[in-house]
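Everything on this sheet refers to the single structure shown next.
Everything quoted here is computed from the prediction, not taken from an experiment. Convention: sequence-line order gives letters A, B, ...; per-chain numbering from 1.
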Number of protein chains: 2
Amino acid sequence: MEQKVDTRSRILDIAEAAVLEKGFEATSIEEIVAGADISRGGFFYHFKDKNALARAMLERYIEVENALYDDLFARARELNDDPLHCMLIGLKLLAEMLEEMPTGHPGCVIASTAYQDRLFDEGVRELNRQAILGWRKRFRGMFEEIAKVYEPREPVNMDALADMVSGVVEGGLVLQRALREHNNASEQIMLFRTFLKLLFSPTT
Amino acid sequence: MEQKVDTRSRILDIAEAAVLEKGFEATSIEEIVAGADISRGGFFYHFKDKNALARAMLERYIEVENALYDDLFARARELNDDPLHCMLIGLKLLAEMLEEMPTGHPGCVIASTAYQDRLFDEGVRELNRQAILGWRKRFRGMFEEIAKVYEPREPVNMDALADMVSGVVEGGLVLQRALREHNNASEQIMLFRTFLKLLFSPTT
DNA sequence: CTCCGACTGTACTGCGAGTCCAGTTGACGC
DNA sequence: GCGTCAACTGGACTCGCAGTACAGTCGGAG
């Protein structure tokens, strides 16, 4: 049973690296089993089909991403108790993290999944949906805390503002991928930060 | 020769609809030729392979999108000569247009292409890149006009601000696709508009 | 010693991309 | 009216990859 966990996550590691680099469809099972040094039969022992692999990858990815956000904003909170400054510091840390990744960010599986929809079953799509709704809830909560302290200068839809965090990151990653530049995502986050500063700045 | 143009664009129509709905890889040539009522041989007569099809689709799509932006901001200019207000009106029109699309927006081929990278050759990727750089140039020009009249309240990187238009649209479309909601993209654009209003509002 | 979970290995089906090519059809130029 | 050429049709084929089926192996827990 040691082996089971081991091999399974080894497959996920290899698959994730390949998928983030080339896309899901362009990654063959042949290639994964070669990388993980197992037989084709071994692969299908762990995953019913490619869909099951996609599902497991998404689950793991979302978990990691959530842990990352938890950690990021916890660190931000330690540095400053004010909800607005906590948000601003958290976003700064996020931008820095994205910038530090040498090969550029691995690219977000969410967008990739969204645009290859029909390749996946309903379970995978629903997982994707729930992940984004989770982030909406997370950031909405944070923005409500901020709004309690700082009256927004313009009326905003809180759900949309929360979605903008995800949207700006996703959009930035799309640009980055397409342009072959490497800091678009972090620049976009920094601009969003500027937006928040202006939106919640005291009305003199 | 009438036929040639006719059949070719009929293939592109069918393919575009299918690809926007299901993604490129999930769309088979079989299905395209059935829809266009031609033989497999006929398809390969017009397009060397799926890559050539992708390239032609992208070219057409980018042209349409550029014409759309031209038209949108020309209409906005007619309504108001001030560069900031022209931008704000143009974005409003864009948001409304996205909202009016009954099935939600067809989804942006750019993002889809970016995330399926290795499926395509260098030509397709470069086309994609140039399209985004074109939008950067377009919006950067507009923002520079605005900045001549209105001093930005916070320092911003003009290229990044220009990219934010594309990024917010792309990001919004990703959310929309993944969430199965229908107005995320337009909401994101409206939020970006709020950002611009705050950024370029007269410093009291 | 035996059972079981984690595999290996092989052989097979089926699908879709892409190739090759021989033949048809209709418009146009002469 | 005849040849030519572009725009196809239709069919046969190869290849790579997903997925199925299943028989056999191997090592550790009981």
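Rounded to an integer number of Å, the gap from CG of D37(A) to P of dT8(C) is 8 Å. Summarising the geometry, the separation between CD1 on I38(B) and C1' on dA6(D) is reported as 15 Å, rounded to the nearest angstrom. Rounded to an integer number of Å, the gap from CD1 of I32(A) to C1' of dG19(D) is 14 Å. Rounded to an integer number of Å, the gap from NZ of K48(B) to P of dA17(C) is 15 Å. Between I11(B) atom CD1 and dC8(D) atom P there is a gap of 8 Å when expressed in whole angstrom units. Remark: P of dA17(C) and CZ of F47(B) are 14 Å apart, rounded to the nearest angstrom. In this structure, the CG atom of D49(A) is 17 Å from the P atom of dC15(C), given to the nearest Å. Here the C1' atom of nucleotide dT9(D) and the CZ atom of F43(B) are 16 Å apart, to the nearest Å.
Residue T7(B) places at least one side-chain N or O closer than 4.0 Å to OP1 or OP2 of dC8(D). Between H46(A) and the phosphate of dA6(C), there is no side-chain N or O to OP1/OP2 separation shorter than 4.0 Å. Using a 4.0 Å cut-off, no side-chain N or O of Y45(A) falls inside it from OP1 or OP2 of dC7(C).
Ring-plane geometry between F200(A) and F143(A) is classed as parallel, the angle between the planes falling under 30 degrees on a 0 to 90 degree scale with a further cut at 60.
For the residue pair Y150(A) and D82(A), a side-chain donor N or O sits within less than 3.5 Å of a side-chain acceptor on the partner. A donor-acceptor pair shorter than 3.5 Å cannot be found between the side chains of S166(B) and R136(B).
The environment of CD in E144(A) is crowded: more than 12 heavy-atom neighbours from other residues, nucleotides or ligands sit within 6.0 Å.
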Enumerate the protein-to-nucleotides 10-17 of chain D contacts in which both atoms are nitrogen or oxygen and the separation is below 3.5 Å.
none

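Across all non-hydrogen atoms, the minimal contact from M164(B) to M164(A) is CE-CE, 4.3 Å.
Here the side chain of D71(A) pairs no donor or acceptor atom with the backbone of A74(A) at under 3.5 angstrom.
The pair E78(B)-R75(B) fails the salt-bridge criterion, with no side-chain N (NZ, NE, NH1 or NH2) lying under 4.0 Å from an Asp/Glu carboxylate O.
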